[in-house]
Amino acid sequence: MLTSADLASITAFDGLPSETLAWLAAQGEVRDFAPGEEIFRPGDPAEYMTAILRGGMQFFSVRNGNREPAFRWEAGHVGGVLPYSRLREIKGYGVALGETRLYVLHRDKFPELERQSPELVQRLVALMSDRARLEARTQERDEKLRALGKLSAGLAHELNNPAAAIVRGAETLEHSLLRLPELLLELLRDCPDPASVAALTRLAAAPVPERAALSPLQRADQEDALAEWLEQQQVPEGYHLAPGLLEAGLGPEQLRPVVAALPAHARPVALAWLEGHLSIRRLVHDVQEAGSRISTLVSNVKTYSHMDRGQDFAPVDVHAGLDSTLNLLGFALRAKRVEVVRDYAPGLPPVPGQAGSLNQVWTNLLDNAIDALAAGGGGTITVRTRPEGGFVRVFIIDNGPGIAPDVLPRILEPFFTTKPPGEGSGLGLDIALRIVEQHGGKLDVQSAPGHTEFCVWLPVG
């Protein structure tokens, strides 16, 4: 038998008049659950205010078909449907923690409860507001973590390529450097003329000219022609040396005077040494390029997050933020073969703001644009900037299928998403909107098949 004393242990009911507690005891009911027993499951109607008298309840959300622990309620907690709540359907699982006893009150009793105890209704509404704020913060955190996860995956892939190139280049460099001393000894033994060796070393140290772009067939033809010429110069390993020599811009015309000055028996080792030296130069250049790529990526991350700046408003270079965000999303853009058009206005003024927060806006808008394009790829995203009056306008435009007319009016609402379950929380655009509004701006959207345009307005001063 439920008593007023039992209900007095509930935090939200503490200090209520005895007649209110007696009314709650008479109008509600008690339900008992064994340890691990399901209290509710997804799809169940949301009909009851629930207070935990004993035990507890673990709530599980459902993502990608899997249960994930979300939060737990201990004895004394009030949850479930509260007055003025619009919740109609339960979205997750509730499981009893130990021997659990619940007090439940059907939502049909809420109008009478409001007449009976406005004070309790006010407490419950405050609880509901706190719960909504907590859920919004949790969802916002999850949305940011999802975006961070996508950026991290792309960044890891971007870093892997140059890092692997450095490892491969270092291994090949070691092999080539170990071979060079032996070739040098053979060269000095077979070619005692200092003038011939000097001409060879000058060629080895000469700047490598820019080479015209060649098709694979044209390149193969040039390699065959050089290999045949080398064989005519009594260099039997010409087919092994030709690719490396051509890569350094050396053909018969450049090699002829040097080869002519060498004794015939010294030519094979001389050109092998030359090709080995040029290969090392090329490998060093490749390692430098890969290292520079890593340095650029790290710089992009720093620019994106502005780790060296505080959270106060400061002049923000919009183009720098857009570029760093596009660079960090490079893997996702290439994976879907998306063409990016940068249509930047020259001399765009800086805007006062938080660079990291604005970069979160560009991330959410660009991420949505990428997702909107067909899985097969081939779409185009245009990033456009324009000054207008006292504002800077930033456009993110994609040529995807567009947003359905019945969806467009709700696209900026929190928790509204058109993505499949588990792929979006419906907070990406809401976060972007709130950040833009915090900067004194606004976010517009218009869409038609083949043209979806998000426009961010940011005040200049």
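Quantities reported herein were computed from a predicted structural model and do not represent experimental measurements.
Applying the 6.0 Å contact sphere to CD of Glu174 captures no more than 12 heavy atoms from other residues, nucleotides or ligands. The local environment of NE2 in His175 is sparse, with at most 12 non-hydrogen atoms from other residues, nucleotides or ligands closer than 6.0 Å.
Between Asn364 and Ala432, the shortest heavy-atom distance links the atoms ND2-N, 4.1 Å. Closest approach of Glu223 and Pro243 over heavy atoms only: OE2-CB, 3.8 Å. Taking every heavy atom of both residues into account, Ile10 and Ala51 meet most closely at CD1-CB, 3.9 Å. Closest approach of Thr20 and Leu16 over heavy atoms only: CG2-CD1, 4.1 Å. The two residues Leu429 and Leu443 have their closest heavy-atom pair at O-CD2, 4.5 Å. Nearest approach of Leu255 to Leu274, heavy atoms of both residues: CD2-CD2, 4.0 Å.
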* **Stepwise side chain to side chain contact (heavy atoms under 4.5 Å, CB included) test for Arg281 and Leu278** => CA-CA 5 Å; Arg281 286 184 61 187; Leu278 294 172; 4.2 Å; yes
* How far apart are the C-alpha atoms of Leu358 and Val456, what are their side-chain angles, what is the distance that settles it, and do they pass the side chain to side chain contact (heavy atoms under 4.5 Å, CB included) test? -> CA-CA 10 Å; Leu358 289 177; Val456 175; 5.9 Å; no
* Go through Val125 and Val121 one step at a time and tell me if the side chain to side chain contact (heavy atoms under 4.5 Å, CB included) criterion holds. => CA-CA 6 Å; Val125 169; Val121 170; 4.2 Å; yes
* Given Glu171 and Val167, is the side chain to side chain contact (heavy atoms under 4.5 Å, CB included) satisfied, shown in steps? -> CA-CA 6 Å; Glu171 291 174 349; Val167 172; 3.8 Å; yes
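Judged as a salt bridge (Lys or Arg N to Asp or Glu O under 4.0 Å), and not counting sequence neighbours, the contacts of Arg342 are Asp323. Residues passing the salt bridge (Lys or Arg N to Asp or Glu O under 4.0 Å) test with Arg31, sequence neighbours excluded: Glu29. When the salt bridge (Lys or Arg N to Asp or Glu O under 4.0 Å) test is applied to Arg282, no partner is found at least two apart in sequence or on another chain. A search for side chain to side chain donor-acceptor pair (under 3.5 Å) contacts involving Glu112 returns Trp23, not counting sequence neighbours. Every salt bridge (Lys or Arg N to Asp or Glu O under 4.0 Å) that Asp343 has, sequence neighbours left out, goes to Arg384, Arg386. Applying the side chain to side chain donor-acceptor pair (under 3.5 Å) rule to His240 yields the partners Glu237; only residues at least two apart in sequence or on another chain are considered. Partners of Trp273 under the ring-ring contact (aromatic ring centres under 6.0 Å, His included) rule, at least two apart in sequence or in another chain, are His277. Scanning for side chain to side chain donor-acceptor pair (under 3.5 Å) contacts around Gln58 gives Arg72, with sequence neighbours left out.
At a threshold of 4.5 Å between non-hydrogen side-chain atoms, the residues Trp362 and Val383 do not count as touching. Looking at heavy atoms from C-beta onward, Pro459 lies out of side-chain contact with Val351 at the 4.5 angstrom threshold. Arg41 is listed as a side-chain neighbour of Asp44, based on a closest heavy-atom distance under 4.5 Å. Put simply, the side chain of Leu102 reaches to within 4.5 Å of the side chain of Ile52, judged on heavy atoms. Annotation: side chain of Arg67 is in contact with side chain of Val95 (closest heavy-atom distance under 4.5 Å). Contact annotation: the side chain of Asn368 never approaches that of Leu365 to less than 4.5 Å [non-hydrogen atoms, C-beta and beyond].
Distance check: Met57 CE to Ile39 CD1 gives 5.0 Å after rounding to the nearest 0.5 Å. Taken to the nearest 0.5 Å, the CZ atom of Phe40 stands 11.5 Å off from the OH atom of Tyr93. Summarising the geometry, atom CG belonging to Leu82 is positioned 9.5 Å from atom CZ belonging to Arg107; distances are rounded to the nearest 0.5 Å. Atom CG of Leu177 is separated from atom OG1 of Thr172 by 10.5 Å, given to the nearest 0.5 angstrom. Put simply, CG on Asp371 and CG on Leu366 are 11.0 Å apart, with the number rounded to the nearest 0.5 Å. With rounding to the nearest 0.5 Å, the separation of CD in Gln254 from CG in Leu246 is 9.5 Å.
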Just list the side-chain donor-acceptor pairs under 3.5 Å for residues 389-400, sequence neighbours left out, or say none.
unit_1	atom_1	unit_2	atom_2	d
Arg393	NH1	Glu388	OE1	2.9
Asp398	OD1	Gly400	N	2.8
Asn399	OD1	Thr380	N	2.9

Tell me which donor-acceptor pairs under 3.5 Å the side chains of residues 73-81 have, and how far apart each pair is, sequence neighbours excluded?
unit_1	atom_1	unit_2	atom_2	d
Trp73	NE1	His77	NE2	3.2

Identify each donor-acceptor pair in which a side-chain atom of residues 84-92 lies under 3.5 Å from a protein atom, sequence neighbours left out, and give them as a table.
unit_1	atom_1	unit_2	atom_2	d
Tyr84	OH	Glu114	OE1	3.0
Tyr84	OH	Glu114	OE2	2.4
Ser85	OG	Leu87	N	3.2

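Judged purely by atom type and a 3.5 angstrom limit, Thr325 has no side-chain atom pairing as donor or acceptor with the backbone of Thr363. Listed for the His439 side chain is no donor-acceptor partner under 3.5 Å among the backbone atoms of Phe313. Panel note: side chain Lys109, backbone Gln27; no donor-acceptor pair is recorded below 3.5 Å.
Listed by first then second residue, pairs satisfying side chain to side chain donor-acceptor pair (under 3.5 Å) with a partner in residues 449-461 read Asp444-Trp457, Gln446-Glu453, Ser447-Thr452, His451-Glu453, not counting sequence neighbours.
Taking the six-membered ring for Trp and thresholds of 30 and 60 degrees, Tyr48 and His106 have ring planes more than 60 degrees apart, a perpendicular arrangement. Aromatic ring pairs are classed by plane angle as parallel below 30°, tilted from 30° to 60° and perpendicular above 60°; the pair Phe13 and Tyr103 is perpendicular.
The side-chain hydrogen bond (donor to acceptor under 3.5 Å, both in side chains) with Glu119 is formed by just one residue from the set Gln122, Arg123, Gln116; it is Arg123.
The pair Arg219-Glu247 meets the salt-bridge criterion, since a charged nitrogen lies less than 4.0 angstrom from a carboxylate oxygen.
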